[in-house]
Amino acid sequence: MTRPSLTVQEELSRDTGREKVFLWMIVLWICLLLYFNPRLLALTYAAPDALSKAAVVIFTLCLDSIWFYTLYHIFMIGISWRLRRKYYEPPLPSLKGFPAVAVLYPTRNDFCPEAFESCLLLEYKNKHVFILDDSTIPDYQARIDRAAKDHSRTVTVIRRKDKKGYKAGNLNFTLRQIESQYPYFVVSDADGILPKNFIGDLLAYFEADSRIAFVQTCQKWNSSQNGSFAQALGFMIEAHYRYYVRARNRYGFVMFYGHGAILKTSVWKESGGFPELATEDLAYSSRVRRLGYQGIYTERVVCLEDFPAGLRQFRLRSEKWIRGTSEFLKKEYGEFARSSQVPWFEKADVLINAGSHYQSAVMLVFLLMLGTLLPAYFNHFRYPGSFFLMPVAYGKSPVDYLFHIRYHIFWSLDFYVVMVASIFCPLVPAIVNMYRKPATLIRYVALSTCAFFSCLIVETLDVLVFLATGRAIFRNTQDAALERNGPLPKPMTAHFFPNHPAVFIIELSFAASFFGIGLLTKNLWFFAPAAGLALSPMICNLGWEQRWVRGMSYLPFVITIVIVVLVTLDVLMAARA
């Protein structure tokens, strides 16, 4: 017999047991550290100086971070899979009347008629659509005016003279004018597609519990979007909501994602409005939680959104997330962490998710330690040592080379299992959803591998730029096209650009260095990031539409698979010996 689902009130009040997920995750991580770290840190006893000792410690800390996020992936994906089989949407009370709802459509040089039309087609009679136009290009302003003119009774265009506060400033400017008229408001995205039942199916959540500040819906990739990059990697959007947000809704911190949500106006007013930061969504979510309110995530309604159209836009989105999250940690997280209204595990969840944006920097430091300082000081990291080495052939003839090649590495089985899990755990959602379409799965895994390696340097630079300037920036997808066609309007020209030619030169320099390190140390692992970084300028400037570019993009994945196969064979041979 299936257990009935909890009511909304029971879901929001059920604190008992929620912390166990994070407790178990932390305990297992500590067990991993106690098991592996003494072996790794034993190298410090043979280290001749402070620099070599520091290299060992940094290398170990990088592995510790990688393993922690491996456990996080395992827990979130596992919980989401369990909830998929046992969780049902909570029953909702009947909607009392039809309170006025403002549908906010913010845009800046990226007006999308299809997204705007989805706002108009919402099946709710007491709504009004507001286009919050921050566009700086006359052509986009003219398009918006024409669209609004056709629906003058149900659509209002609002523009402001200054553009301060990014998207948050745009939303606040309008809400301060209409707050007394609309007790609820919807935030759409410039490319977001809202289903017709969006308002009607979500308003009842607020009737169910007065503590609810917002209802965040599930998002999926809009499959009608053109472009091979989006078509290959668009599943990343759904994977995040289905396999991470679903678990966090039950056991962690529920975040407003800046779009595809309906919010209570009185809570917005009580919190002082949206914090005018680059990541206004995360900052707002933390502020309303400090006030004792909560957000709730639902899959009762599913919205569509576009994926970044190319690697250039993908890198711009990463810049916003990394520098915006850093700004949040600097300006907002301290008060959130000190709040007595927020359970400790929600505070930990926010910090863990913020830290996930820095894993490219962790991986880069890990590679630098592995390829430079450690081989310089320790025989264990040199050929034919015990870590990450090239295949070695036994025998002199071509036949011996082909049939007796093995990976000359002495990984223990336990270390092998943890490292392989670290590589493949993030890919489990794709494997689960695409195993019946092997070609689609291979394309997704291959191109996501290339995208990861190609962003190692630029995402690390994003961290360093924020540390140097203390500033975050909000650039929408259209800014990528402006950047490519010419300089952006001030003050944006004063900021670091992820796709600047100087960044490409740095990436090519690192690619050459990693390739050289791989040859000198007989370390095959360095060839995968070297290939990804070398391909980065080519993909950004030529695009994924070129077949030969897409073909080249499989190279980091192929190298990684070859390495994993060779390591597996060696570990199996060692186990049989």
Side-chain angles (χ1 to χ4, degrees), residues 108-110 166 191 221 225 227-234 236-237 240 278-279 305-327 356-364 426 444 446-469 471-488 492-511 528-546 549-550 552-553 556:
R108 177 187 168 89
N109 303 325
D110 55 356
Y166 310 117
D191 56 14
W221 170 62
Q225 181 186 3
S228 58
F229 187 86
Q231 290 170 357
L233 301 179
M236 284 185 180
I237 296 173
H240 176 73
T279 52
E305 64 174 282
D306 285 354
F307 192 77
L311 187 59
R312 298 177 72 91
Q313 293 90 333
F314 185 82
R315 288 153 66 105
L316 282 170
R317 188 185 69 170
S318 295
E319 177 199 39
K320 181 208 167 187
W321 287 355
I322 292 169
R323 294 175 65 179
T325 300
S326 301
E327 183 184 39
S356 67
H357 294 300
Y358 306 123
Q359 289 307 292
S360 288
V362 170
M363 178 61 70
L364 182 62
Y444 175 86
L447 300 188
S448 61
T449 301
C450 183
F452 170 75
F453 283 127
S454 67
C455 290
L456 279 180
I457 300 300
V458 71
E459 292 185 359
T460 303
L461 289 175
D462 286 331
V463 177
L464 296 176
V465 169
F466 180 83
L467 292 175
T469 65
R471 301 178 65 182
I473 187 139
F474 188 109
R475 282 196 278 257
N476 62 13
T477 53
Q478 179 62 17
D479 288 329
L482 290 172
E483 176 197 349
R484 188 168 187 176
N485 296 329
L488 285 168
M492 289 190 176
T493 50
H495 295 277
F496 164 78
F497 289 118
N499 300 315
H500 193 278
V503 177
F504 294 144
I505 292 172
I506 295 171
E507 289 177 325
L508 290 174
S509 299
F510 268 89
L533 291 171
L535 289 168
S536 178
M538 180 177 69
I539 296 171
C540 284
N541 289 287
L542 297 179
W544 294 58
E545 308 308 318
Q546 309 263 359
V549 173
R550 289 203 302 274
M552 292 288 290
S553 300

Report yes if the side chains of [X] and [Y] come closer than 4.5 Å at any heavy-atom pair, otherwise no.
| X | Y | answer |
| --- | --- | --- |
| Val458 | Ser318 | no |
| Leu447 | Ser228 | no |
| Arg312 | Asn541 | yes |
| Phe504 | Glu507 | yes |
| Arg315 | Val503 | yes |
| Met236 | Trp221 | no |

Using the salt bridge (charged side-chain N to carboxylate O under 4.0 Å, His left out) criterion, which residues pair with Glu459? Sequence neighbours excluded.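 Expected list: none.
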Tell me every residue that passes salt bridge (charged side-chain N to carboxylate O under 4.0 Å, His left out) with Glu305, counting only those two or more places apart in sequence or in another chain.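 Here no residue qualifies.
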How close do [X] and [Y] get, counting heavy atoms only, and between which atoms?
| X | Y | result |
| --- | --- | --- |
| Ala531 | Pro556 | CB-CG, 4.0 Å |
| Leu456 | Ser360 | CD2-O, 3.7 Å |
| Ala278 | Gly324 | CB-CA, 4.0 Å |
| Ala511 | Ala534 | CB-N, 3.6 Å |
| Leu542 | Gln546 | O-CG, 3.8 Å |

Working to the nearest 0.5 angstrom, can you tell me the gap between [X] [atom1] and [Y] [atom2]?
| X | Y | atom1 | atom2 | answer |
| --- | --- | --- | --- | --- |
| Leu311 | Leu316 | CG | CG | 10.0 Å |
| Arg323 | Leu464 | CZ | CG | 11.0 Å |
| Ile539 | Phe229 | CD1 | CZ | 8.0 Å |
| Met538 | Ser553 | CE | OG | 6.0 Å |
| Ile506 | Leu533 | CD1 | CG | 11.5 Å |
| His357 | Thr279 | NE2 | OG1 | 8.5 Å |

Measure from the side-chain N and O atoms of Gln359 to the backbone N and O of Ser356, and report whether any donor-acceptor pair falls under 3.5 Å.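 Not a single qualifying donor-acceptor pair exists.
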Do side-chain atoms of Arg550 reach the backbone of Glu545 as a donor and acceptor pair under 3.5 angstrom?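 Yes, because the side chain of Arg550 sits within donor-acceptor range (under 3.5 Å) of the backbone of Glu545.
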So Phe307 and Phe314, would you call those rings parallel, tilted or perpendicular, with 30° and 60° as cut-offs?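 If you compare the ring of Phe307 with that of Phe314, the planes turn out tilted.
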What residue pairs, at least two apart or across chains, pass side-chain hydrogen bond (donor to acceptor under 3.5 Å, both in side chains) with a residue in residues 446-456?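 Qualifying pairs: none.
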Under 3.5 Å, is there a donor-acceptor pair linking the side chains of Tyr358 and Thr325?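 No, Thr325 and Tyr358 have no side-chain donor paired with an acceptor closer than 3.5 Å.
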